[in-house]
Number of protein chains: 4
Amino acid sequence: MTIPAPLTGVVPPVCTPLAPDGEVDVPSLLSLVDHLLEAGVHGLFVLGTSSEAAYLTDGQRELVVRAVTGHVGGRLPVLAGVIDMTTPRVREHVRAVTAAGADAVVATAPFYTRTHPAEIARHYRLLSAAAEVPVIAYDLPSGVHTKLPAEVMLELAADGVLAGLKDSSGDLAAFRDVLRGLRAHPDLAGFSALTGSELLVDSALAAGAHGAVPGLANVDPEGYVRLYQLCQAGDWTAARAEQERLCGLFGMVKVGDPGRMGGSSAALGAFKAALYLRGVIACPVTAEPQVGLSEGEVGEVGEFLAGAGLL
Amino acid sequence: MTIPAPLTGVVPPVCTPLAPDGEVDVPSLLSLVDHLLEAGVHGLFVLGTSSEAAYLTDGQRELVVRAVTGHVGGRLPVLAGVIDMTTPRVREHVRAVTAAGADAVVATAPFYTRTHPAEIARHYRLLSAAAEVPVIAYDLPSGVHTKLPAEVMLELAADGVLAGLKDSSGDLAAFRDVLRGLRAHPDLAGFSALTGSELLVDSALAAGAHGAVPGLANVDPEGYVRLYQLCQAGDWTAARAEQERLCGLFGMVKVGDPGRMGGSSAALGAFKAALYLRGVIACPVTAEPQVGLSEGEVGEVGEFLAGAGLL
Amino acid sequence: MTIPAPLTGVVPPVCTPLAPDGEVDVPSLLSLVDHLLEAGVHGLFVLGTSSEAAYLTDGQRELVVRAVTGHVGGRLPVLAGVIDMTTPRVREHVRAVTAAGADAVVATAPFYTRTHPAEIARHYRLLSAAAEVPVIAYDLPSGVHTKLPAEVMLELAADGVLAGLKDSSGDLAAFRDVLRGLRAHPDLAGFSALTGSELLVDSALAAGAHGAVPGLANVDPEGYVRLYQLCQAGDWTAARAEQERLCGLFGMVKVGDPGRMGGSSAALGAFKAALYLRGVIACPVTAEPQVGLSEGEVGEVGEFLAGAGLL
Amino acid sequence: MTIPAPLTGVVPPVCTPLAPDGEVDVPSLLSLVDHLLEAGVHGLFVLGTSSEAAYLTDGQRELVVRAVTGHVGGRLPVLAGVIDMTTPRVREHVRAVTAAGADAVVATAPFYTRTHPAEIARHYRLLSAAAEVPVIAYDLPSGVHTKLPAEVMLELAADGVLAGLKDSSGDLAAFRDVLRGLRAHPDLAGFSALTGSELLVDSALAAGAHGAVPGLANVDPEGYVRLYQLCQAGDWTAARAEQERLCGLFGMVKVGDPGRMGGSSAALGAFKAALYLRGVIACPVTAEPQVGLSEGEVGEVGEFLAGAGLL
């Protein structure tokens with residue numbers, strides 16, 4: 001399907017449920033997709049950071065896209081991440097996820113190498129030239145260790161190279177530079193500006209973003225849909241209350257002991273534990289070499305769910 | 001072939017010559033291998049950072065390993081990088097390069113994700129369990145944004161998980177912690193401690209390293225072999241002079257205009273320009289989305305070569 | 001005077017006009033204070049980062065506080081920065097600025113040293129115990145290279161150690177953790193949560209901040225007062241337009257050539273050039289070793305002013 | 001006295017013993033100086049990072065310089081740190097320590113502000129113009145968050161602005177750029193290149209450094225003097241053994257629990273605990289807001305001393 005221009009609303013980065021042996025648990029994945037669709041989300045983003053794309057083999061990635069697009073059947077746009085280091089490798093992922101049915105691709109700046117704004121621009125130009133679907137830029141300095149410059153984003157938007165931006169930088173001031181720039185050019189009205197910061201959705205929407213891609217929406221999609229609707233209605237007071245409830249729930253990403261595991265293990269482990277506790281997926285295991293939450297930590301995740309009325 | 005334990009001497013990270021269309025130029029690659037062998041290097045490391053492994057597709061990676069191991073025919077050990085983000089993806093590369101004939105694999109810590117020493121250890125344990133060849137750790141904080149902790153390296157050496165360490169951190173004090181730890185345990189005498197810092201080879205060998213993996217050895221392999229031999233002979237004064245000559249030559253990595261390109265473009269572009277000017281490879285192009293050196297910049301690379309008596 | 005609890009509104013970090021010889025230009029300083037007061041600001045913050053406090057000698061710092069508090073005469077609260085590396089040195093500044101008439105002090109975490117949350121807490125507890133005026137924490141990771149943790153801020157608020165927080169981190173999600181925590185404890189209603197991010201004032205006020213400390217308010221205090229009033233009135237659409245006008249004006253901090261000067265030179269140079277062009281101060285010079293804007297760059301600052309209707 | 005050009009040998013950064021009330025314990029300070037002189041050190045560096053200069057008030061700093069220079073009475077050169085944020089403030093420290101008898105001053109790049117190589121050069125030029133004693137640059141990226149560029153150091157050496165460099169960056173490759181540059185210009189033969197990396201003294205001397213400024217030399221000055229002499233004699237094997245013994249002793253900086261304190265507390269606390277246990281100073285307390293070592297941690301420091309034959 002053709003994705004809306006701009007894409008609006010809540011587009012969760014879909015977690016990838018795994019079996020104990022590390023393989024993709026397709027029934028759980030489809031159960032999760034149903035859980036999201038029933039909540040009224042507006043699109044799906046597979047193979048993102050919250051999907052553990054960095055941990056999935058090429059075969060697993062293809063399986064995920066094929067399973068989800070097949071199940072969704074065009075009811076919603078399905079975006080797919082193409083997370084890899086540089087243009088030639090990302091281009092192969094673009095080919096693979098497009099063949100598997102993705103409606104758009106989401107690509108970061110080059111990483112592992114030491115890059116430059118001119119190279120970032122070149123990267124997106126080459127990807128766009130090769131892609132049969134729209135290309136959305138993914139700003140994730142915590143993983144990529146480079147910030148996508150606002151002026152590069154606007155230049156690539158103006159040239160029709162990029163169809164959108166998912167901003168997961170946490171730097172709202174910089175994101176607003178993009179939003180202001182878009183508003184100043186009416187011909188860019190179809191460019192999708194999406195925030196990936198689950199804690200700032202109301203702020204970003206108030207500033208002009210079109211939608212949100214919050215990892216926590218796996219756990220509480222109804223909450224994010226409600227938040228989006230309140231923002232759409234201009235009820236900023238109620239939106240703030242809903243956002244703050246979700247901020248509280250997000251505290252679950254800190255239950256994993258930082259002396260024993262990294263931040264990805266803690267956050268992804270908490271999301272999966274929550275989905276498991278809510279009965280959405282069959283097994284909360286995360287991919288190797290991540291460290292799992294302890295039984296006590298899973299219990300703490302449960303308390304966050306209970307506190308938010310989700311258990 | 002079985003790699004020596006420890007592996008000693010000069011083990012260049014072999015550049016990957018490309019044709020103008022971005023495909024691997026196999027004849028140039030084999031010409032480069034011959035150029036290195038004739039200089040008397042002690043091993044080869046393909047698919048490292050200087051090999052632009054981050055830019056090569058899986059098919060190109062396999063082609064490189066197969067071509068080089070086939071050409072070398074066991075005359076020298078061939079190590080292969082398995083550069084990717086996490087255990088499941090790296091494991092696939094281990095399988096592929098081993099099938100293509102690599103004698104050992106070289107793996108970084110997880111990247112893109114936010115990792116932890118416990119996860120780094122787990123990563124290597126899982127790789128080692130799955131690999132049929134020795135696993136060498138690759139410490140590259142500039143690309144991976146994590147430093148491999150000395151105590152983790154020593155623990156994994158003691159447990160037989162790791163066969164060696166390539167230290168490209170530039171942090172000689174930390175590398176010496178590993179070297180001291182190895183010397184304190186005679187049963188670890190087979191562990192290979194290699195420096196990847198082309199500017200510190202004499203210092204690292206004096207401190208007890210077994211060998212070096214210098215990117216600049218593509219350009220001047222004779223120089224590094226001579227440097228290694230001087231260090232072996234304990235002639236530290238002559239070694240310092242040779243090292244400093246090589247430091248001067250290394251200045252070529254700064255000719256690329258930092259206002260126009262990133263550090264990888266500048267460094268890899270200079271190495272390839274030098275190999276092209278020396279007649280070793282047919283084309284100096286680097287992989288996308290890197291920015292090429294200008295004609296004037298290539299001329300400056302030539303001046304570095306001339307200054308070092310290499311043209 | 002006793003500062004309001006909480007302190008609300010616009011509290012500009014007052015620039016420190018200098019004479020060509022580097023000494024404080026007191027008449028220009030008082031002219032600037034009048035310029036701010038006439039615009040209706042709600043407090044003044046002297047010796048902050050925008051005041052070039054890092055460049056002022058102890059004698060100059062005292063002169064600034066004495067001049068401003070004397071001139072203001074209690075019409076408005078005057079906060080004073082006590083920017084220094086560690087507790088014993090900051091404590092001396094607390095004594096000095098309090099003796100010179102400051103109504104509150106604003107202190108960062110320790111810097112230059114490698115610190116820890118426990119030491120940050122201890123730092124503020126010791127400062128508070130020694131201070132006769134309220135202590136406000138100053139979160140400035142770009143200068144201090146440590147982020148003040150939200151949980152430490154809330155703990156120190158609850159214990160009566162801190163009277164407020166000036167957040168200049170740009171990390172709105174983290175600042176909202178503080179705002180949520182304050183709202184959850186009605187006894188903390190007097191704690192002042194102020195944003196120092198000139199580009200996010202509407203977002204921060206919508207999220208519950210009490211006021212703003214924007215460096216750009218030196219140049220356009222009327223704009224920030226208007227923005228504050230629109231936020232107070234809940235007119236978020238008009239607030240966003242005003243905020244975006246100010247974001248555009250803020251572009252002046254980038255006219256300084258980054259090949260020739262650092263970010264502080266460019267930003268502080270632009271603010272002072274703007275004040276000079278607007279006729280508020282007699283000389284736009286910045287403190288050593290900053291590099292001054294060129295004539296052409298000053299001209300570009302003028303264009304920003306003209307574009308915003310301020311010339 | 002006039003400092004040697006170049007200054008050679010071991011120049012310990014002298015710890016500043018404090019009384020329980022935080023005031024400088026002058027008798028202990030002089031006892032420490034005697035301890036160092038008896039070991040045969042070649043100069044003293046007061047008010048450095050290991051001296052807790054960042055924690056000392058201006059009055060305490062003056063007291064330290066006056067006490068030490070008075071006690072030394074010209075037997076050895078006494079260098080004094082002038083650690084502060086920017087030129088005007090550092091200039092005041094230059095005046096103060098010179099008046100108190102320092103033979104040279106040691107200054108970092110500007111910090112807290114966002115600086116630039118051109119501003120760093122300007123900073124040193126202004127300091128040098130104002131100073132009556134030689135100015136030595138201090139490269140400490142871990143504190144200052146900027147690396148002194150080799151080319152700026154060489155330019156300032158050539159112009160007679162700087163008399164030396166204390167390199168505490170840990171980046172031996174970059175330091176060697178300076179050493180090579182000095183050797184290429186015979187007229188710079190008087191420039192002092194000193195390493196501040198206690199773990200790399202043999203490597204740095206082998207590469208051409210003139211001396212070392214190791215914090216650990218407070219604890220074991222005999223060891224560093226012996227190490228220097230072995231390097232002078234070209235006995236690199238014995239030098240390496242001595243260096244490695246000192247590396248082992250340096251392990252004491254990690255006994256402080258990182259969950260409870262920062263790196264400065266742990267390192268300075270260990271040095272002072274060792275001096276206390278060796279009977280050199282009366283009290284191991286560190287300045288506020290540092291966290292002290294526990295009794296058990298002090299015991300571990302003792303084990304390091306015992307292991308090195310120093311108890």
Side-chain angles (χ1 to χ4, degrees), chain C residues 18 22-23 49 52-61 83-93 108-127 130 140 142-146 256-268 287-291, chain D residues 18 22-23 49 52-61 83-93 108-127 130 140 142-146 256-268 287-291:
Chain C
L18 301 176
E23 290 307 320
T49 307
E52 295 175 272
Y55 300 86
L56 301 179
T57 65
D58 287 355
Q60 291 176 322
R61 290 185 180 201
I83 310 301
D84 216 319
M85 293 171 260
T86 62
T87 316
R89 293 186 64 81
V90 174
R91 203 156 36 194
E92 300 235 317
H93 293 293
T108 69
F111 55 94
Y112 184 87
T113 69
R114 289 169 291 152
T115 194
H116 184 277
E119 294 166 358
I120 292 172
R122 192 176 176 86
H123 178 62
Y124 285 119
R125 288 184 186 280
L126 289 162
L127 292 180
L140 186 76
S142 67
V144 168
H145 301 277
T146 304
D257 176 5
R260 209 167 54 84
M261 69 183 71
S264 297
S265 288
L268 300 174
E288 296 288 2
Q290 290 172 95
V291 170
Chain D
L18 301 176
E23 290 307 320
T49 307
E52 294 175 271
Y55 300 86
L56 300 179
T57 64
D58 288 355
Q60 290 176 322
R61 289 186 180 200
I83 310 300
D84 216 317
M85 293 170 260
T86 62
T87 316
R89 293 186 64 81
V90 174
R91 205 156 34 193
E92 300 235 317
H93 292 293
T108 69
F111 55 94
Y112 184 86
T113 69
R114 290 169 290 153
T115 193
H116 184 277
E119 294 165 358
I120 292 172
R122 191 175 176 87
H123 178 62
Y124 284 119
R125 288 184 187 280
L126 289 162
L127 292 179
L140 185 77
S142 67
V144 168
H145 301 279
T146 304
D257 175 5
R260 208 167 54 83
M261 68 184 72
S264 296
S265 289
L268 300 174
E288 295 289 2
Q290 290 172 95
V291 169

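No experiment lies behind these values; they were computed from the predicted model shown. First the proteins, then the strands, lettered A, B, ... as listed; each starts at 1.
Contacts between C:Pro258 and chain D at a heavy-atom distance below 4.5 Å involve the backbone alone (N, CA, C, O). Looking at C:Pro110, only its side chain comes within 4.5 Å of chain D, counting heavy atoms on both sides. Only the side chain of C:Ala267 has a heavy atom closer than 4.5 Å to any heavy atom of chain D. Interface remark: C:Thr115 contributes backbone atoms only to the contact with chain D (heavy atom separation under 4.5 Å). Contacts of C:Glu92 with chain D are made by side-chain atoms alone, with heavy-atom separations under 4.5 Å and no backbone atom involved. Only the backbone of C:Arg260 comes within contact range of chain D, judged by heavy atoms closer than 4.5 Å.
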**OP:** May I have the step-by-step check of side chain to side chain donor-acceptor pair (under 3.5 Å) for D:Tyr112 and D:Thr86, ending in yes or no?
**Re:** CA-CA 9 Å; D:Tyr112 184 86; D:Thr86 62; over 6 Å; no
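Here the shortest heavy-atom pairing between D:Ala109 and D:Tyr124 reads N-OH, 3.4 Å.
In terms of heavy-atom pairs under 4.5 Å with chain C, the best-connected choice from D:Leu126, D:Ile83, D:Val144 is D:Ile83. Put simply, of D:Met85, D:Arg91, D:Gln60, D:Arg114, the one with the most heavy-atom pairs under 4.5 Å next to chain C is D:Arg114. Among the candidates D:Glu288, D:Arg125, D:Gln290, D:His123, the residue making the largest number of heavy-atom pairs closer than 4.5 Å to chain C is D:Glu288.
With hydrogens and angles ignored, the 3.5 Å screen pairs a side-chain donor or acceptor of D:Arg89 with a backbone N or O of C:Leu56. A donor-acceptor pair under 3.5 Å is formed between the side chain of C:Glu52 and the backbone N or O of C:Ala287.
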